[in-house]
K.L.:
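What follows is a structure written as structure tokens; I'll ask about it next.
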Amino acid sequence: MAAQKPSVPKGTRDFSPVEMVKRNFIFDIIKDVFKRFGYLPIETPSMEKLSTLMGKYGEEGDKLLFKVLNSGDYLSKVKLDLTKAESTKLTSEISEKGLRYDLTVPFARYVVQHLNEITFPFKRFQIQPVWRADRPQRGRYREFYQCDVDVIGSNSLFNEVELIQIIDQIFKKLSINSVIKLNNRKILLGIAEVIGEPDKFIDITVAIDKLEKIGEAGVIDQLLKSGLGSSSVSGLEPILKLTGSNKEKLTIIKEALEDSKTGLKGVEEVETILNYFETLPLNTELELDLTLARGLNYYTGAIIEVKSKDVEIGSLCGGGRYDDLTGVFGLKDVSGVGVSFGADRIYDVMEQLEVFPKEIVASTKVLFVNFGEKEEKYCLPLLQKMRDNGVNSEIFPESAKMKKQMTYANNKNIPYVVLVGESEMEKGILTVKNMTSGEQSEMKFEELLLKLTK
RNA sequence: GUGGUUGUAGCUCAGUUGGUUAGAGCGCUGGAUUGUGGUUCCAGAGGUCGGCGGUUCGAGACCGCUCUUCCACCCCA
């Protein structure tokens with residue numbers, strides 16, 4: 001067979017040791033904070049039935065699902081006329097599974113399926129890859145990791161507050177300057193009502209969401225194109241122009257929504273959440289942003305999004321409240337709220353800002369140089385003792401040239417190299433080289449151990 | 001999915017209107033230095049020019065298709 005150039009599919013990546021160490025640094029921080037707030041881990045399969053996935057993410061989402069071809073002679077069972085091009089109908093006949101698109105919908109499925117084992121409110125976190133058949137770009141991959149925290153079975157707005165605290169702590173620990181944007185779907189719905197276009201709710205949210213990108217004129221243009229009357233559009237203008245502090249925005253929007261019950265409910269919810277933070281300190285800026293819409297249509301209350309202040313890369317974290325996600329799986333009236341951290345984007349931002357701590361890359365603390373069989377035997381018990389005391393250490397696996405062994409230590413960023421040859425064995429000491437300073441000194445094993453464990 | 005863009009050594013990139021044997025820096029291997037990396041000097045290895053097909057006496061360069069990269073739209077972590 002001819003040698004072929006190996007490669008991975010579009011939008012997927014290998015993670016080499018240096019990358020993995022940094023990725024794990026992110027995952028560990030996120031996980032620790034989740035646990036600190038009492039959330040428990042779950043995992044679900046990479047594949048879900050298409051019946052679970054389809055129709056949950058809107059029309060666009062369905063297109064972005066990776067579908068898995070049925071096993072066996074899948075074509076023989078097809079009843080369609082294949083000479084006519086009907087690919088959408090065909091896929092449902094030859095594929096019944098798909099790769100998960102996010103972690104929220106599988107979680108809803110999980111909750112319904114495991115109802116009997118769960119005590120509510122159920123607080124879980126889930127860190128797994130998801131797949132989207134999107135066209136890759138900077139900060140957009142076809143396979144990427146989401147870190148979800150959700151609490152389901154509690155209507156309390158306190159959960160929203162807790163999620164904001166979690167976001168605040170995580171981004172502080174990751175040294176990312178960010179802003180948390182908060183809005184409420186009920187406010188957006190209220191606005192649609194007030195301007196007399198409740199049916200155009202989705203078009204309105206999609207257009208408003210683009211304000212930052214295409215500007216006011218662009219939004220108005222898009223709204224007109226999607227069939228809104230010009231009087232309705234002009235009714236929206238005050239919202240597009242809204243600026244000032246959170247309190248000022250609330251006052252104005254409350255007035256504008258006085259005829260909409262839903263809208264006022266939304267305002268009240270936002271107020272409640274913001275009031276919590278009058279007394280709770282936050283490191284991150286929390287901003288009421290009425291132009292924040294979020295595409296996923298299952299959100300019904302609070303919506304949250306986090307953006308980096310320093311790097312332009314889309315959102316690093318997003319989520320919100322969904323009142324009826326489990327409804328389609330047969331469990332009514334259970335409300336949940338959650339957010340999802342995009343580990344890959346967080347990685348890209350941290351890489352660009354150079355905020356990864358330098359020391360995390362060096363894992364091994366000591367390398368024993370291998371001088372041969374006798375020396376190796378002498379070193380192995382010492383090595384064992386190092387490890388028993390929690391010091392990451394290794395011995396070069398063969399008595400290669402010094403240069404090679406030193407280069408190995410250097411490339412792995414190992415801070416100390418131990419040399420034990422004949423003369424050291426005789427004297428019962430070690431020659432220890434500090435790879436940072438280049439200095440080298442003789443000391444007893446216990447001395448080195450003490451130095452590395454204090 | 002629509003429109004554009006990129007691909008030459010492990011990495012970053014040169015390569016003139018199509019013309020002999022495709023280059024540089026970094027990295028890698030060996031040596032100067034048989035018990036010393038990171039600095040210096042010397043030498044060496046490493047290429048289906050993304051892939052397939054076409055035009056031509058001749059293609060890394062031109063054309064078509066395909067894969068990949070990045071960008072805009074759509075949408076999103």
Side-chain angles (χ1 to χ4, degrees), chain A residues 2-13 16 26 30 57-65 87-88 100-104 127-148 167 202 205-207 209-210 213-214 218 222 292-297 304-308 312-319 338-349 367 369-372 375 396 399-425 430-440:
Chain A
Q4 49 172 338
K5 204 173 204 170
S7 62
V8 296
K10 187 204 283 263
T12 66
R13 299 145 300 155
S16 295
I26 296 173
I30 291 177
Y57 310 105
E59 214 177 302
E60 202 64 36
D62 284 355
K63 280 189 216 158
L64 296 179
L65 281 170
S87 41
T88 43
R100 73 167 100 77
Y101 178 91
D102 71 358
L103 301 176
T104 309
I127 299 178
Q128 288 188 278
V130 302
W131 293 268
R132 292 183 191 176
D134 208 353
R135 205 171 274 201
Q137 263 179 56
R138 172 187 163 77
R140 305 184 104 162
Y141 305 97
R142 286 186 148 181
E143 177 184 61
F144 61 96
Y145 275 72
Q146 288 194 329
C147 315
D148 272 38
I167 292 170
I202 293 185
T205 56
V206 167
D209 199 33
K210 287 185 199 150
K213 207 173 204 176
I214 59 179
Q222 177 154 348
L292 171 64
R294 293 192 62 76
L296 291 175
N297 289 319
I304 299 167
E305 197 163 283
V306 182
K307 286 199 159 177
S308 159
E312 191 61 50
I313 199 168
S315 61
L316 300 179
C317 175
V339 292
S340 178
F341 293 79
D344 304 80
R345 281 189 183 172
I346 290 173
Y347 179 99
D348 289 348
V349 168
L367 174 80
V369 168
N370 192 326
F371 281 113
E375 291 87 345
F396 202 83
S399 64
K401 283 183 183 161
M402 267 293 267
K403 187 186 165 99
K404 189 177 167 79
Q405 301 195 40
M406 293 301 284
T407 307
Y408 177 83
N410 193 54
N411 290 347
K412 265 185 102 168
N413 270 316
I414 298 173
Y416 295 99
V417 170
V418 170
L419 300 105
V420 181
E422 235 169 284
S423 65
E424 282 92 349
M425 291 198 305
L430 317 173
T431 297
V432 178
K433 175 151 185 168
N434 179 329
M435 293 296 279
T436 325
S437 64
E439 282 161 17
Q440 140 177 344

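Because only heavy atoms are used, hydrogens play no part in the values below, and waters and symmetry mates are left out as well, while side chains stay in. Throughout, a chain's letter reflects where its sequence line sits, starting with A, and its residues are numbered from 1.
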K.L.:
If you only use heavy atoms from C-beta on, which nucleotide in B:U36, B:G38, B:C28 is closest to the side chain of A:Gln440?
P.N.:
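Closest nucleotide to the A:Gln440 side chain: B:U36.
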K.L.:
What's A:Leu419 touching, base or sugar-phosphate or nothing? Going by heavy atoms closer than 4.0 Å.
P.N.:
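Base, at least one base heavy atom under 4.0 Å.
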K.L.:
If we call it a pair only when both distances are under 3.5 Å in a Watson-Crick or G-U wobble match, what pairs with B:C26?
P.N.:
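Because both required distances fall under 3.5 Å, B:C26 counts as paired with B:G10.
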K.L.:
How close or far is atom C1' of B:C75 from atom CD1 of A:Ile202, stated in whole angstroms?
P.N.:
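Nearest whole value for this atom pair: 14 Å.
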K.L.:
Among the nucleotides B:U69, B:A77, B:G35, which one has an atom lying closest to any side-chain atom of A:Lys10?
P.N.:
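Looking only at side-chain atoms, A:Lys10 lies closest to B:U69.
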K.L.:
Report which part of the nucleic acid A:Gly421 touches: base, sugar-phosphate, or nothing (heavy-atom distance under 4.0 Å, all strands).
P.N.:
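A:Gly421: base contact, heavy atoms under 4.0 Å.
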K.L.:
In whole angstrom, what separates A:Tyr141's OH from B:U69's P?
P.N.:
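Computing the A:Tyr141:OH to B:U69:P distance gives 11 Å.
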K.L.:
Whole angstroms only, please: what is the CE-C1' distance between A:Met402 and B:G38?
P.N.:
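One finds 14 Å between C1' of B:G38 and CE of A:Met402, rounded.
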K.L.:
Quick check on B:G35: is either OP1 or OP2 less than 4.0 Å from any side-chain nitrogen or oxygen of A:Lys403?
P.N.:
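No, because none of the side-chain N or O atoms of A:Lys403 sits under 4.0 Å from OP1 or OP2 of B:G35.
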K.L.:
Identify the nucleotide, in any strand shown, that forms a Watson-Crick or G-U wobble pair with B:C65, with both distances under 3.5 Å; if there is none, say none.
P.N.:
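WC or wobble partner is B:G51.
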K.L.:
Separation of A:Ile313 atom CD1 from B:C70 atom C1', in whole Å?
P.N.:
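After rounding, the gap between these two atoms is 13 Å.
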K.L.:
On RNA chain B, nearest-nucleotide positions of A:Arg138 versus A:Tyr145: which is more 5'?
P.N.:
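In this pair, the answer is A:Arg138.
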K.L.:
Without decimals, in angstroms, what is the distance between A:Asn410 CG and B:G37 P?
P.N.:
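Taking atom P of B:G37 as the reference, CG of A:Asn410 is at 10 Å.
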K.L.:
Using whole Å, report how far CD of A:Gln137 lies from C1' of B:A72.
P.N.:
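After rounding, the reported distance stands at 7 Å.
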K.L.:
Nearest of B:C73, B:C74, B:G37 to any side-chain atom of A:Lys213?
P.N.:
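For the A:Lys213 side chain, the nearest candidate turns out to be B:C73.
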K.L.:
Between B:U36 and A:Lys404, is there an OP1 or OP2 to side-chain N/O distance shorter than 4.0 Å?
P.N.:
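No, A:Lys404 has no side-chain N/O under 4.0 Å of OP1/OP2 on B:U36.
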K.L.:
Mind calculating the distance between CZ (A:Arg135) and P (B:C71) to the nearest angstrom?
P.N.:
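Those two atoms, CZ and P, are 13 Å apart.
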K.L.:
Quick one: is B:G37 close enough that its OP1 or OP2 comes under 4.0 Å of any side-chain N or O from A:Lys401?
P.N.:
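Checking B:G37 against A:Lys401, no side-chain N or O comes under 4.0 Å of OP1 or OP2.
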K.L.:
Report yes if a donor N or O on one partner sits less than 3.5 Å from an acceptor N or O on the other, where the partners are the side chain of A:Arg345 and the base of B:C76; otherwise report no.
P.N.:
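Result: at least one qualifying N/O pair found.
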K.L.:
Counting any heavy atom closer than 4.0 Å, what does A:Gly11 reach on the DNA or RNA strands: base, sugar-phosphate only, or nothing?
P.N.:
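Sugar-phosphate: the residue A:Gly11, judged by heavy atoms under 4.0 Å, touches backbone atoms but no base.
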K.L.:
Between B:A77, B:U36, B:C74, which nucleotide gets closest to the side-chain atoms of A:Glu60?
P.N.:
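In terms of side-chain proximity for A:Glu60, the closest of B:A77, B:U36, B:C74 is B:C74.
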K.L.:
Rounding to a whole Å, what distance do you find between A:Met435:CE and B:G35:C1'?
P.N.:
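Rounding to the nearest Å, CE of A:Met435 and C1' of B:G35 are 14 Å apart.
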K.L.:
Base, sugar-phosphate alone, or nothing: which one does A:Gly438 contact when heavy atoms must sit under 4.0 Å apart?
P.N.:
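Base contact.
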